[in-house]
Q: 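One structure, pasted below without further comment.
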There are 2 protein chains.
Amino acid sequence: MLLLKELPTSKSLQRFLLRYPDADISAISDFVNLLRAASDISVALDKLLAQHHLLQGRWWVLVLLMREETQTSSPSDLAEKAGVTKATMTGFIDGLEREGLVLRLMDNDDRRKFLIRMTPAGQQKLDEVMPDYYRKVHALMSQLNQPDRDIMINSLKLLASRLDVMK
Amino acid sequence: MLLLKELPTSKSLQRFLLRYPDADISAISDFVNLLRAASDISVALDKLLAQHHLLQGRWWVLVLLMREETQTSSPSDLAEKAGVTKATMTGFIDGLEREGLVLRLMDNDDRRKFLIRMTPAGQQKLDEVMPDYYRKVHALMSQLNQPDRDIMINSLKLLASRLDVMK
DNA sequence: TGCATATTGTACGGTTCCATACTATCATCC
DNA sequence: GGATGATAGTATGGAACCGTACAATATGCA
């Protein structure tokens, strides 16, 4: 996600309005601000994870594995739950395996499959990251009062559910 | 930005709470929902631009150039305004130049520099994209009533301005 | 003037992601 | 049981990014 750091000057805004008179300036401004704020927040999460030598993609995989009682899943299943392609998941697993945080095991029932299992080192890594993550997310979200926070989240959810209007 | 498609089951949530009892579940849930909604919106923007054979990075460059009266700027200036490194901007400009949407001109005042100028084809591309963009962003943002929209944007801005609490 | 320092743009190598195409394996249906 | 089609995982090649290092050029200061 890429975003402009600089909002337009009123002078350049006028030039845009001259050329595109139908533009809804306040809608554009809100839209850009929304994306920029979310991008900044995502970057902050990246930095938090980087302090533990993790990246969002690999971290989600560990979280998904911890959700499983057996701490085991398949690449396809992980890909679907993480919302990435199978090819992307292959890359994540490669990285995690290289660092010893997960194992690839044969699945004797279906020889096309692998079983991906979190190792003790993987669990240890999560135990190191999650308390930090929870603490900092709590600190961030506490900056908002509850009514505003509810309205913000519900509004975002509503927008995300109405994205078909952009087609 | 990568996001889980699936929220945790209550069963796996209990396992997380057992291991990390201090977790603020509602903060985490809101945080993840925020990032996921924003990511979905960003993907929708990508798709809109893709219909015009553009990508976010290159598109912002054209928008920045249009903001300039001379439709001209330098790679360093563009990089700073777009919030990317100079190296990344070099790549964007390469792509835009290859497609004939911008030109690299010598700067006779400072021979280290280039002047990047939008071509008529570049302006034509923007004239094709921007009305579509404006129309669809208006359609999306109109899904919210004004008070909620204001609260959402202000809350997001406030969060983005308080990201130091995550350090 | 000359020399240290800063700036500009690029090359290079790295990561994360995707789309596509492929092999191996499984499931189905005649 | 054999062909057909679906599915699992990966390889490959691409784009968008970054950090670092570099050559060329400009600037400032003794």
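As a basis for the values below, the full set of heavy atoms in this structure was taken, side chains included, without hydrogen atoms, waters or symmetry mates.
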Q: Would you kindly give the CZ-to-C1' distance between B:Phe114 and C:dT8, to the nearest whole Å?
A: 10 Å
Q: When you measure from the side chain of B:Asn33 to the backbone N and O of B:Ser29, does any donor-acceptor pair fall under 3.5 Å?
A: yes
Q: Just by distance, with hydrogens left out, do A:Gln56 and A:Ser42 show a side-chain donor and acceptor under 3.5 Å apart?
A: yes
Q: Using a 3.5 Å cut-off and no angle test, enumerate the donor-acceptor pairs between side-chain atoms of residues 156-167 of chain B and protein atoms at least two apart in sequence or in another chain.
A:
from	atom 1	to	atom 2	distance (Å)
B:Ser161	OG	B:Leu158	O	2.7
B:Arg162	NE	A:Gln143	OE1	3.3

Q: Measure CG/A:Leu78 against P/D:dA8 and give the value in whole Å, please.
A: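 After rounding, the gap between these two atoms is 12 Å.
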Q: Do the charged groups of B:Glu68 and B:Lys81 touch, with an N to O distance under 4.0 Å?
A: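 Yes.
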Q: Identify, with sequence neighbours excluded, every residue that meets side chain to side chain contact (heavy atoms under 4.5 Å, CB included) alongside A:Asp132.
A: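 If we apply the side chain to side chain contact (heavy atoms under 4.5 Å, CB included) test to A:Asp132, skipping adjacent residues, the hits are A:Leu48, A:Gln51, A:His52, A:Arg135, A:Lys136.
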Q: B:Asp94 CG to C:dC12 C1': how many Å, rounded?
A: 14 Å
Q: Looking at every strand, decide which applies to A:Lys86 at a 4.0 Å heavy-atom threshold: base, sugar-phosphate, or nothing.
A: base
Q: Which part of the nucleic acid, if any, lies within contact of B:Ser76, taking any heavy atom under 4.0 Å across all strands shown: a base, the sugar-phosphate backbone alone, or nothing?
A: sugar-phosphate
Q: Verify whether one side chain among A:Arg149 and B:Ser26 offers a donor that lies under 3.5 Å from an acceptor in the other.
A: yes
Q: Measure from NE2 on B:His53 to C1' on D:dG14 and round the result to the nearest Å.
A: 16 Å
Q: Using a 3.5 Å distance criterion without hydrogens, assess whether the side chain of A:Asp148 forms a donor-acceptor pair with backbone atoms of A:Leu144.
A: no
Q: To the nearest angstrom, how far is B:Arg58 atom CZ from D:dG14 atom P?
A: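 My rounded result for the distance is 14 Å.
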Q: Measure CD1/B:Ile93 against P/D:dA16 and give the value in whole Å, please.
A: 13 Å
Q: In residues 97-110 of chain A, which ones come under 4.0 Å of DNA chain D, going by heavy atoms?
A: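 Nucleic-acid contacts, sorted: A:Arg104.
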Q: How many whole angstroms separate atom CZ of A:Arg111 from atom P of C:dT23?
A: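 So the two atoms are 18 Å apart, to the nearest Å.
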Q: Sequence neighbours left out, cut at 3.5 Å: what donor-acceptor pairs do the side chains of residues 92-102 of chain A make with other protein atoms?
A:
from	atom 1	to	atom 2	distance (Å)
A:Asp94	OD1	A:Arg104	NH1	3.3
A:Asp94	OD1	A:Arg104	NH2	2.9
A:Glu97	OE1	A:Arg104	NH1	2.5
A:Glu99	OE2	A:Arg58	NH1	2.6

Q: Go through C:dT15, D:dG9, C:dG9 for me and flag the one nearest to the A:Pro75 side chain.
A: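 Among C:dT15, D:dG9, C:dG9, the one nearest the side chain of A:Pro75 is D:dG9.
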Q: On the nucleotide D:dC17, are OP1 or OP2 found under 4.0 Å from the side-chain N or O atoms that B:Thr88 carries?
A: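 Answer no for this pair, as no side-chain N or O of B:Thr88 is under 4.0 Å from OP1 or OP2.
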Q: What is the separation between atom CZ on A:Phe92 and atom C1' on D:dG9, rounded to the nearest whole Å?
A: 16 Å
Q: Would you mind reading off the bend of the helix from C:dT1-D:dA30 to C:dC30-D:dG1 from its two end axes, five pairs each, to 10 degrees?
A: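 Roughly 0° between the end axes, to the nearest 10°.
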Q: Does D:dC18 have OP1 or OP2 sitting under 4.0 Å from an N or O in the side chain of B:Thr85?
A: yes
Q: Could you work out which one of D:dT20, C:dG9, C:dT15 sits closest to the side chain of B:Lys113?
A: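 Among D:dT20, C:dG9, C:dT15, the one nearest the side chain of B:Lys113 is C:dG9.
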Q: Taking N and O atoms by type only, does the side chain of B:Arg112 place a donor or acceptor under 3.5 Å from a partner on the base of C:dT7?
A: yes
Q: Output all residues satisfying ring-ring contact (aromatic ring centres under 6.0 Å, His included) with A:Tyr134, sequence neighbours left out; order by chain, then residue number.
A: B:Tyr20
Q: Are the side chains of B:Met152 and A:Leu34 in contact, using a 4.5 Å heavy-atom criterion?
A: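 A side-chain contact exists here, since the closest heavy-atom pair is under 4.5 Å.
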